[in-house]
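For reference, the structure is listed below as structure tokens.
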There are 2 protein chains.
Amino acid sequence: MPRGIARDHDEKRGLIRKGAAAYFARHGYDRASMTGAARECGVSKALIYHYYDSKEALLFDILDTHLSDLVAVVEDATGEGLPGLIRAVLAAYEDADAEHKLQLDALGTLPPEMQAPLIAHQRRLVAIMSDAVAATRPGLDPDRLRAVTMTVFGILNWFYMWHRPGRGLSRAEYAALAADFVGAGLKGV
Amino acid sequence: MPRGIARDHDEKRGLIRKGAAAYFARHGYDRASMTGAARECGVSKALIYHYYDSKEALLFDILDTHLSDLVAVVEDATGEGLPGLIRAVLAAYEDADAEHKLQLDALGTLPPEMQAPLIAHQRRLVAIMSDAVAATRPGLDPDRLRAVTMTVFGILNWFYMWHRPGRGLSRAEYAALAADFVGAGLKGV
DNA sequence: CATAAAACCGACCAAGCGGTCAAGAGTGTT
DNA sequence: AACACTCTTGACCGCTTGGTCGGTTTTATG
């Protein structure tokens, strides 16, 4: 009988996924080379191609893992209402800034059939958030409900662009502020 | 005496700037080739290099023009308070979605010395918005003022990501909703 | 009308890219 | 111990890229 895959196969794959995500996010997915990503991970380029079929497959795994985690976290927080959701999302982005950034500006470079399952994850997030908004502020027509839901995502997704750890409000402090802001804002629309 | 530059020099440069911006935004700056941009503009690649020194110089001109316009528009709207500012920014993004998208995800690819003047424009925008927020909601400490200001920018900058012309709320309708949302939200922080 | 520079182009180039390959080293199974 | 397969690598390949160059056409100026 042949030997199977190594016991630490998944860990090494995970290391490459994490290292490449950081490298891709820092340099921009298109501009970042596989040679550079390999160096960042401390392995040869050929080894990455042992674990992944292509640069696109690697990106897909990064985004799929990230979005799956995010959906799981958010589904667990549905019981805590809109403020709980906002807190959960911002907390989940911690240690995942790179993956989050990639999701926002590299997902579109994947071929449509690879995008589809990732977009399905995103839709699930939007649906959960939309339900929480509708529960907090009933009676909005569909167009306005969607607009307000996306407004909340704008707030959350923008956070990584301006926040610098150790400066200004902490993540948790901002989560509280954002929850207050959204809660009050919903009364005005 | 030699002949000077053509009378329509600036117009042609502007056409290249606009065409390239659309092409860059559609395909992503890094992924988009100068050959493709030239085809989009209906000129040869060599002609673009007659008007611009490099791909980076072209991107710089796109962003500098866009941000200068934006600052001008916003400075004109300072008298109309925070709702007027929100309306003005969203209106200014019309017909400039491409430039806006490029600003968000390609500015960072420029070398620092080219980024500097663009970031100065951005800071001016932030300062104006911050003043409007402070006027609407006095008494916020600096950290929270900054956080709320960035929250507003998150709302505005995210708009192009989810809005599809002709579907859902119009730009103007969303501007009104966003102004209401922010106005009410400020009372909750 | 002569002229010198701007406006414009097709063909070309070096460099870096994603990806492949042949081969050696390491290891679970028999 | 022998096998069969995974793990790991440096060298390599075809292709696209940003950018250049020599040359032709056009036009403002004297």
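Protein chains get the first letters and strands the later ones, always in sequence-line order, with residue 1 at the start of each. Heavy-atom basis, side chains included; hydrogens, waters and symmetry copies ignored.
Closest approach to the B/Lys12 side chain among C/dG10, C/dC8, C/dG18 is made by C/dC8 (side chain taken as heavy atoms from C-beta onward). Set against D/dG18, C/dC9, C/dG18, the side chain of B/Ala46 has C/dC9 as its closest nucleotide. Minimum atom distance to the side chain of B/Lys45 is reached by D/dT20, of the listed D/dT20, C/dG18, D/dT9.
Put simply, B/Ser44 has no side-chain N or O that comes within less than 4.0 Å of OP1 or OP2 on C/dG10. B/Tyr51 has no side-chain polar atom (N or O) that falls below the 4.0 Å cut-off from OP1 or OP2 of C/dA6. One finds a side-chain N or O of B/His9 lying less than 4.0 angstrom from the OP1 or OP2 phosphate oxygen of C/dA7.
In this entry the distance linking CD of B/Glu56 with C1' of D/dG19 reads 12 Å, nearest Å. B/Leu47 places its CG atom 17 Å from the P atom of D/dT25, with the value rounded to the nearest Å. In this structure, A/Tyr49 places its OH atom 6 Å from P of C/dG18, rounding to the nearest Å. Rounded to whole Å, atom C1' of D/dC7 lies 15 Å from atom CG of A/Asp10. Taking atom NE2 of residue A/His50 and atom P of nucleotide C/dA22, one finds them 17 Å apart after rounding to whole Å. Atom pair A/Arg31:CZ and D/dT17:P shows a separation of 15 Å (rounding to whole Å applied). Rounding to whole angstrom units, OH of residue B/Tyr52 and P of D/dG19 are separated by 14 Å. Separating the CZ atom of B/Arg13 from the C1' atom of C/dC8 is a distance of 17 Å, rounded to the nearest angstrom.
B/Arg146 places no side-chain N or O within donor-acceptor distance of the main-chain N or O of A/Gly168, the cut-off being under 3.5 Å. Remark: side-chain polar atoms of B/Arg87 are not paired, donor with acceptor, to backbone N or O of B/Ala175 under 3.5 angstrom.
B/Ala38 comes within 4.0 angstrom of nothing in the nucleic acid, heavy atoms only. Using a 4.0 Å heavy-atom cutoff across all strands shown, B/Ala57 reaches no nucleic acid atom at all.
Each of B/Val43 and A/Ser54 lies near DNA chain C, and the nucleotide nearest B/Val43 is the one positioned closer to the 5' end.
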Which atom pairs, one a donor and one an acceptor, fall under 3.5 Å between side chains of residues 91-109 of chain B and the rest of the protein, sequence neighbours left out?
residue, atom, partner, partner atom, Å
B/Tyr93, OH, B/Asn157, OD1, 3.0
B/Glu99, OE2, B/Lys18, NZ, 2.9
B/Thr109, OG1, B/Ala106, O, 2.8

Report, one line per pair, each donor and acceptor closer than 3.5 Å where one atom sits in a side chain of residues 70-78 of chain A; sequence neighbours left out.
residue, atom, partner, partner atom, Å
A/Glu75, OE2, A/Arg124, NE, 2.7
A/Glu75, OE2, A/Arg124, NH2, 2.8
A/Thr78, OG1, A/Glu75, O, 2.8

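Because its NZ or CZ atom is both nearer than 6.0 Å to the ring centre of A/Phe24 and within 45° of the ring axis, A/Lys55 counts as a cation-pi partner of that residue.
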